[in-house]
Every structure is written in structure tokens, then in C-alpha cells.
There are 2 protein chains.
Amino acid sequence: MSQACNFIRGTMMKATIYDVAKEAGVSIATVSNAINGKGKVSSKKREQIFEIMKKLNYQPSVIASALMGKKTYTLGLLIPDISNPFFAEVARAIEDQAHLSGYSVIICSTDNKDERVERYISLLEQKSVDGMIIATGVDNPDILAGLEARNVPIVMLSRENDALSVDAVVADDYVGGMMAGRHLAELGHRRMAVLSENRKVSSSRERLRGFKQALAERQIPFDDADIVICEHKVEEGKRAALALLGRPEKPTALFCCNDLLAIGAMQGAKELGVRVPEELSIVGFDNTILAEVTDPPLTTVAQPIAGMGKQAFQLLIEKLTEDDAARQRIVLRPELVVRGSTCAASFPR
Amino acid sequence: MSQACNFIRGTMMKATIYDVAKEAGVSIATVSNAINGKGKVSSKKREQIFEIMKKLNYQPSVIASALMGKKTYTLGLLIPDISNPFFAEVARAIEDQAHLSGYSVIICSTDNKDERVERYISLLEQKSVDGMIIATGVDNPDILAGLEARNVPIVMLSRENDALSVDAVVADDYVGGMMAGRHLAELGHRRMAVLSENRKVSSSRERLRGFKQALAERQIPFDDADIVICEHKVEEGKRAALALLGRPEKPTALFCCNDLLAIGAMQGAKELGVRVPEELSIVGFDNTILAEVTDPPLTTVAQPIAGMGKQAFQLLIEKLTEDDAARQRIVLRPELVVRGSTCAASFPR
DNA sequence: CTGAAAGCGCTTACAG
DNA sequence: CTGAAAGCGCTTACAG
């Protein structure tokens with residue numbers, strides 16, 4: 001039995017390419033060629049080899065072949081937080097696409113802290129991932145520059161970096177912001193406010209810009225004092241809504257740069273006894289599962305998450321295989337999903 | 001310059017252990033020893049070596065050391081779906097714990113399909129992960145048995161397998177079910193129904209058993225006809241609620257084996273104009289972010305997610321390092337979180 | 001069509 | 001305290 005030496009105290013060692021070569025009476029080179037469809041291997045031998053592989057339950061070691069310069073079929077996904085529904089949905093979209101090509105994805109929740117970003121990137125490089133998809137904020141531009149210099153393939157998802165011309169797939173945030181603004185304007189709202197993320201977040205910046213543009217086109221007044229900057233958290237949305245609704249000239253509609261903020265705003269309104277949507281219309285952004293679950297359900301701008309994940313993965317694969325792939329920026333169109341949190345302004349001017 | 005040969009057409013190759021050895025004027029064995037704190041290396045040399053490492057930006061290759069039998073510092077996490085908030089929160093808990101020890105986690109969404117489970121397991125083994133945390137349903141017992149036979153360290157999370165005595169960390173689902181039952185009973189409910197998952201899901205089975213026990217102890221009648229089996233989806237919960245509330249003797253309270261079902265039930269009730277909680281109390285299970293976001297907010301049994309993730313990871317590490325670690329089953333206590341979806345029965349008998 | 005041999009970047013006895 | 005050498009499980013020219 002060629003397997004005899006394979007048993008050690010009752011535990012079977014994994015079969016290696018040597019085991020199958022010996023059993024098949026060929027060299028390891030031939031086994032390797034058979035597996036990879038390289039070189040010429042007679043079909044009888046090939047079949048024979050495959051049979052032995054099955055019999056020995058042989059699984060080639062990705063580790064070993066990676067050491068010879070082949071791919072690890074593993075990639076890193078940097079996101080702020082996997083427990084945030086938006087990023088969880090993004091992760092699923094990427095995972096599904098990756099899995100079709102035998103790729104695995106390592107999750108890296110950064111909490112938007114550069115320190116964590118750097119730690120994760122270092123780990124991922126030591127583990128020789130084939131590439132990274134970056135959907136988290138990275139403040140220090142040197143971090144991305146370093147990645148470029150070390151020739152690590154990356155694509156940005158839902159974020160961008162103005163300084164570096166790096167591949168990216170994003171939703172058309174500007175248009176999404178416009179959709180929100182137009183929707184509320186058409187409902188007759190004239191006093192609106194915005195809950196936005198930090199200006200460093202390119203997507204929020206664009207959404208806000210689009211929103212303002214929609215109002216400007218309709219000569220609806222909007223002042224930067226009507227913008228409240230929040231972190232990406234429910235409580236922050238609530239806090240902001242409480243503040244805005246406490247003002248003398250309180251808004252009749254709120255545009256929130258993500259669903260979490262919108263939900264917080266709904267909670268704030270409820271706490272003050274302000275009815276949504278009758279007294280306050282709210283529109284969010286992202287269209288995560290949360291938007292379907294609130295009461296009333298949230299009107300929001302849907303990001304094409306599945307499409308974004310798919311494109312990001314494919315872009316990364318292109319960069320891996322074509323050494324001189326041109327830089328690309330893929331922009332996907334968002335879509336307004338009208339649910340119950342918006343209605344006509346009750347006191348149109 | 002020792003780095004001279006390291007530049008190829010403008011791209012810098014990664015430094016290897018040979019580069020730092022040469023630069024430091026020592027052998028690679030010494031560099032290896034210095035890095036791993038093995039053998040004896042004079043402190044002057046050690047310091048010198050570390051300096052060179054920094055200068056060359058040397059990152060040891062996990063791939064290469066894994067090939068020599070060391071760990072890959074990567075583990076697989078099998079869950080039904082990363083975009084389900086409960087599992088996303090579980091993933092984050094595990095990721096955080098893993099990250100503290102330099103571990104990375106690969107996400108594997110199985111959709112509870114054995115076919116996907118097998119594919120993922122095979123991929124993970126080829127990639128030589130150090131172990132797996134399994135928080136998904138696995139119908140075919142041969143799959144887990146195979147893992148055991150091949151000596152792959154695994155720990156089950158939130159799921160169990162009666163057949164195999166495999167390590168597991170779970171919430172005390174039985175007690176959780178009792179908490180729900182007791183809460184509703186104390187509110188005066190006498191006609192209750194349950195939305196449960198498939199009987200194959202050990203956690204749901206236990207929750208149901210605990211719930212029934214709580215009612216039995218109080219002589220509250222409960223019939224198995226009051227159980228509706230659902231998949232783990234909002235729509236399923238809605239469908240079930242619609243059916244239950246259409247019955248002549250409709251229930252005044254619902255216990256749902258997870259938050260998603262509870263939310264569906266709330267939506268079903270609303271569709272029929274049944275007010276929650278005045279006419280229908282609803283309690284969920286899990287305490288995901290969704291429970292805070294519904295209106296009314298959901299009363300639910302909280303699983304100690306962070307604790308479960310931590311324990312699961314630590315258990316796995318124990319199995320990795322101690323070759324004869326005893327089997328363990330860690331049971332964590334859940335906690336009832338009372339919010340707005342439950343209140344006293346309006347027509348107590 | 002097939003195989004012997006070198007090599008990927010490390011670790012680990014084993015000498016000295 | 002330090003280094004030469006073998007080896008992990010593969011792939012890839014290169015001969016034949």
C-alpha cells in the first residue's frame with residue numbers, strides 16, 4: 001500500500017503531489033501538468049492521474065503553488081464595519097462574485113481608523129493576497145501610495161481618492177443626491193436640511209452637491225447652516241434631528257446621506273412628537289434592509305450594491321491578469337425608492 | 001547597493017530573508033531565529049537585523065513559513081449569509097477577537113446549502129486555513145465527520161450537532177425560549193403562537209422547547225398547531241402572521257425564533273390593521289440592530305454575540321495549540337430586552 | 001509526451 | 001552564538 005506511510009497514529013496525512021505521482025507511476029511534473037492543463041499529457045495518463053487524485057482525496061496546496069509565484073486566490077476587503085448592514089451587503093455581493101472564480105475574501109473592519117487600515121494592509125501583504133478592494137476611508141494618502149509603489153492591485157469601492165488615479169467603482173452619488181432633492185422639491189418642500197457625513201467622505205460630499213444642485217435649479221433656498229455633520233451612526237442622526245427640529249424655522253424635509261442617519265432622524269422626530277411623513281419627510285441613502293423595516297418604511301436612494309460588488313471584483317481581476325490594464329472609473333446609476341417616509345409638504349409656500 | 005538587483009523596470013521586488021541576511025552579513029538562519037525569538041542570537045546582531053528589516057521594509061512571507069508547517073493565521077467562518085445582520089454582528093465579534101492575535105477571517109456565506117458548504121470547506125482546506133468556525137446548518141453529517149477525520153480544527157457556533165461531539169459555543173436557547181414564554185405569560189397572554197425555523201435547526205428547536213416549558217409550568221395551553229415553520233426571512237414571518245391572524249381564535253402574542261421573523265410578523269399585523277403591541281404582542285430573538293429600528297422597537301431575547309464570538313475564537317485557538325484539548329461546550333446566558341412590542345394582554349381570560 | 005532538477009522563501013535540526 | 005544544508009509541496013524551463 002503506497003498509503004502505508006501516510007498513517008501516523010491513526011491520523012491520515014494529507015496526500016501530496018508525490019503520493020499521486022508515485023501511485024500513478026509518473027513524475028510529479030506530469031501530475032502538475034495534468035492538473036493545470038499545461039504541456040502535453042496523454043489522455044490515458046491524465047485520466048489515470050485524476051482517478052488516483054480522487055482515490056487519495058488529493059487537494060493541491062494553494063500555499064505551495066503560491067510560493068512558486070501563482071496566485072493565492074484570496075483577496076482582502078477593507079470596509080469600515082462588517083456589522084453595518086450596508087457594508088455587509090457589499091461584502092456579500094463581492095463574496096458571491098469572488099466565489100465564482102474560486103476566490104476567498106478576508107474581511108477587514110477598519111472603523112475608519114488609519115491605524116487599523118495599516119495593520120490590516122500589512123497582514124494582507126504578508127499573507128500574499130492577490131489584491132484588495134478598499135471601501136473604507138483612508139485619510140493618509142501615503143497609505144494608498146505605498147500600495148501602488150509595492151504594486152499591490154487595488155480597487156476602491158464607493159470611495160475615491162482625488163490625489164491618486166486609482167481604479168474605482170462608485171454609485172453616481174451626485175445624481176443620487178439630485179434625485180433626493182428633486183423628489184422633495186416636487187413634493188413641495190421649501191425648507192430642507194441635510195444630515196451629512198464628514199467632508200472627507202467623497203460620497204457624502206457628492207450627494208450633498210447633487211442635492212444642492214437640484215434645489216438651486218428650482219430656486220429653492222438652501223443655506224449651509226442647514227447642514228449637520230454626523231458620524232455614520234443612528235444616534236448621530238437622532239442627535240442632529242433633535243437639534244434641527246428645535247430651531248424656530250424648522251425644516252419640513254430632511255435628506256440624510258445614509259440610511260442609518262435617516263433612521264436616527266426618524267427616532268428623533270418621534271421623540272419630539274413630530275409625525276413622519278405628515279410633518280417631516282425623510283429620505284435616506286443606500287437602501288439597506290433597514291429601510292424596509294422602519295415604520296414608516298424609508299424613502300431612500302438605492303445604491304446598486306450587487307452591481308458594484310460585481311464590477312469591483314471584475315476590475316480587480318483585470319488588473320491581476322492584464323499587467324497594463326488602463327485605469328478605470330466605473331459609475332453606476334442609483335435609483336430612488338419611494339416608500340412611506342416622504343409626502344407632500346403640508347404648508348407649501 | 002545590495003538592493004540594486006531588486007529593481008526591475010521601476011518596480012521594487014519584495015525583500016526576502018536573503019536580502020536582509022546579505023545586508024546584515026549573517027545567514028538566513030540567524031535572521032529567522034532573530035525574528036522568531038528562537039535559538040540564541042546576540043543582541044547586537046538582533047538589533048542590527050531588525051534595523052535592516054525596517055530599512056528594506058521586509059515583511060516575512062506567511063506563505064513560505066506555512067509551507068514549513070507553521071500556521072497561516074487565517075481561519076474560515078461559515079455562516080448562512082453575511083448580509084443577515086445577526087451573522088454580520090457575529091462576524092464582527094470574531095474578526096475583532098481574531099485580529100488581536102494576527103488572525104484573518106475568510107467569510108463563507110453558505111445559504112444553508114450543503115453544496116456550498118462543501119465547496120467552501122474544500123477551498124479553505126486547499127488554502128490551509130488553521131481552522132474553521134461553523135455557524136451554519138450542515139445537513140449531511142459526513143461533512144463534519146470528514147473534517148474531523150482530516151484533523152481540521154473546528155468549533156461550532158450557535159449550532160450544534162448531536163451526532164458528533166464537536167466543540168461548540170451556544171447561547172442557552174432553552175433558557176432564552178423560557179424567558180420569552182415567561183415574559184408573555186406574566187403579561188397575561190393566554191393564546192400564543194410561535195414562528196419557528198425548521199426543526200433541523202437545533203437553536204430554534206431549543207427555543208421552542210423552552211417557550212413551551214414556560215407555558216406548561218403556568219398551565220397555559222399551547223398546541224403544536226400554533227407553531228408555524230418559516231425560513232429565516234422577513235417575508236416568511238409576514239406570511240405566517242397573516243395566516244395566524246386570520247384564524248378565528250387569533251393569538252394575542254407571538255414568539256418568533258429570530259428578529260427577522262418578528263419583523264415580518266409586525267408587518268403582517270400592520271397590513272391587517274392589528275395594532276402592536278395593543279392587540280398583538282411580539283417577541284423576537286437575537287437582538288440585532290433591526291430590533292432597535294422597528295416601530296415599535298422590538299422586545300427580544302438578546303444573544304451575547306460579542307461573548308460568543310470571543311469564546312468561539314479562543315476555543316479554536318486552544319484546539320490549535322493543545323493537541324489533546326478536551327471537548328468543550330460553552331453555553332452563554334441570553335437576556336430578555338423589553339422594548340415596545342409587548343404589553344399586557346387586553347382581554348386576559 | 002515525460003521526467004530530472006532547480007527554485008520559491010522560509011524553518012529546523014544538526015554541527016561547529 | 002552562528003551557519004550549511006535539507007526540506008515543505010508545488011511549478012517551470014529544459015532535455016530527451
Side-chain angles (χ1 to χ4, degrees), chain A residues 2 5-6 8 12-50 52-53 56-74 125-130 150, chain B residues 5-6 8 12-49 52-53 56-74 125-130 150:
Chain A
S2 80
C5 59
N6 240 344
I8 299 179
M12 199 204 281
M13 301 303 296
K14 252 189 184 170
T16 71
I17 199 170
Y18 289 96
D19 298 321
V20 354
K22 194 188 295 174
E23 184 93 359
V26 299
S27 75
I28 59 166
T30 300
V31 176
S32 176
N33 283 333
I35 294 172
N36 298 303
K38 288 209 172 174
K40 307 269 98 178
V41 182
S42 68
S43 52
K44 335 165 195 184
K45 290 223 172 187
R46 195 196 345 275
E47 282 174 31
Q48 206 179 131
I49 288 169
F50 278 115
I52 309 266
M53 288 184 0
L56 300 186
N57 193 8
Y58 170 67
Q59 312 253 71
S61 161
V62 171
I63 292 295
S65 63
L67 194 53
M68 281 303 299
K70 305 206 87 177
K71 297 189 290 184
T72 54
Y73 289 94
T74 304
E125 288 191 67
Q126 287 177 228
K127 291 176 185 177
S128 305
V129 297
D130 296 333
R150 275 168 275 133
Chain B
C5 62
N6 240 344
I8 299 181
M12 199 205 281
M13 301 302 299
K14 254 189 182 168
T16 71
I17 198 170
Y18 289 96
D19 298 321
V20 356
K22 194 187 296 173
E23 184 93 359
V26 300
S27 75
I28 59 166
T30 299
V31 176
S32 176
N33 283 332
I35 293 172
N36 298 302
K38 287 209 170 174
K40 308 268 99 178
V41 182
S42 67
S43 52
K44 337 165 192 181
K45 291 222 170 186
R46 197 198 341 277
E47 280 171 34
Q48 205 180 129
I49 288 169
I52 309 266
M53 287 184 359
L56 300 186
N57 192 6
Y58 170 67
Q59 312 253 69
S61 161
V62 172
I63 291 296
S65 65
L67 195 53
M68 281 303 299
K70 305 205 89 178
K71 296 189 289 182
T72 54
Y73 289 93
T74 304
E125 288 191 67
Q126 286 177 229
K127 290 174 185 177
S128 303
V129 297
D130 295 334
R150 273 168 277 133

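Keep in mind that this is a model prediction, so the values were computed, not measured. To find a chain, count down the sequence lines: A is the first, B the second, and so on, and within it residues start at 1.
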Next item on the list: Nearest whole angstrom, please: distance from the P of C/dC1 to the CD of A/Gln48.
Entry: 16 Å
Check: OP1, OP2 of D/dG9 versus side-chain N and O of A/Ser61: anything below 4.0 Å?
Finding: no
Next item on the list: Quickly work out the A/Ile17 CD1 to C/dG3 P distance and round it to whole Å.
Entry: 12 Å
Check: Below 4.5 Å, heavy atoms only, C-beta onward: do A/Lys127 and A/Thr74 meet side chain to side chain?
Finding: no
Check: Taking only N and O in the side chain of A/Lys45, is any of them less than 4.0 Å away from OP1 or OP2 of C/dC1?
Finding: no
Margin query: Counting only side-chain heavy atoms from C-beta out, which of D/dT11, C/dT11, C/dT2 sits nearest to A/Ser65?
Written below: D/dT11
Notebook entry, point to check: Out of D/dG9, C/dT12, C/dC10, which has the shortest distance to the side chain of A/Thr16?
Noted result: D/dG9
Item checked: Value in whole Å for how far the C1' atom of D/dC8 lies from NZ of B/Lys70 -> 13 Å
Note to self: Of the listed nucleotides (C/dC8, C/dC10, D/dT12), which one gets closest to any side-chain atom of A/Asn33?
What the structure shows: D/dT12
Note to self: Both distances below 3.5 Å, Watson-Crick or wobble geometry, any strand: find the nucleotide opposite D/dA4.
What the structure shows: none
Next item on the list: Calculate, to the nearest 0.5 Å, the distance between atoms OG and CD belonging to B/Ser128 and A/Gln59 respectively.
Entry: 10.0 Å
Notebook entry, point to check: Please give, in whole Å, the distance from D/dC10 C1' to A/Tyr73 OH?
Noted result: 14 Å
Margin query: So, OP1 or OP2 of C/dG3: does either fall under 4.0 Å of a side-chain N or O from A/Thr30?
Written below: yes
Note to self: Could you tell me how far apart A/Leu67 (CG) and D/dG7 (C1') are, to the nearest whole angstrom?
What the structure shows: 12 Å
Next item on the list: Tell me which nucleotide among D/dG9, C/dC10, C/dT2 gets nearest to the side chain of B/Tyr58.
Entry: C/dC10
Check: Out of C/dC1, D/dG9, D/dA4, which has the shortest distance to the side chain of B/Ala29?
Finding: D/dA4
Item checked: Nucleotide paired to D/dA13 in any strand shown, Watson-Crick or G-U, under 3.5 Å -> none
Next item on the list: Measure from the side-chain heavy atoms of A/Ile28 and tell me the nearest of D/dT11, D/dG3, D/dG9.
Entry: D/dT11
Notebook entry, point to check: Do the side-chain N or O atoms of B/Ser32 get closer than 4.0 angstrom to the phosphate oxygens (OP1, OP2) of C/dC10?
Noted result: no
Notebook entry, point to check: For the pair made of CE in B/Met68 and P in D/dC8, what is the distance, rounded to whole Å?
Noted result: 8 Å
Item checked: Presence of donor-acceptor pair under 3.5 Å, side chain of B/Tyr18 and base of C/dC8 -> no
Notebook entry, point to check: Is a side-chain donor or acceptor of B/Lys14 paired with a backbone partner of A/Glu125 at a separation under 3.5 angstrom?
Noted result: yes
Notebook entry, point to check: Testing B/Asn36, B/Ile28, B/Ile35 for side chain to side chain contact (heavy atoms under 4.5 Å, CB included) with B/Ser32, which one passes?
Noted result: B/Asn36
Next item on the list: Rounded to the nearest angstrom, tell me the gap between atom CD1 in A/Ile35 and atom C1' in D/dT12.
Entry: 14 Å
Next item on the list: Report yes if some heavy atom in the side chain of A/Tyr18 is under 4.5 Å from a heavy atom in the side chain of A/Val31; otherwise report no.
Entry: no
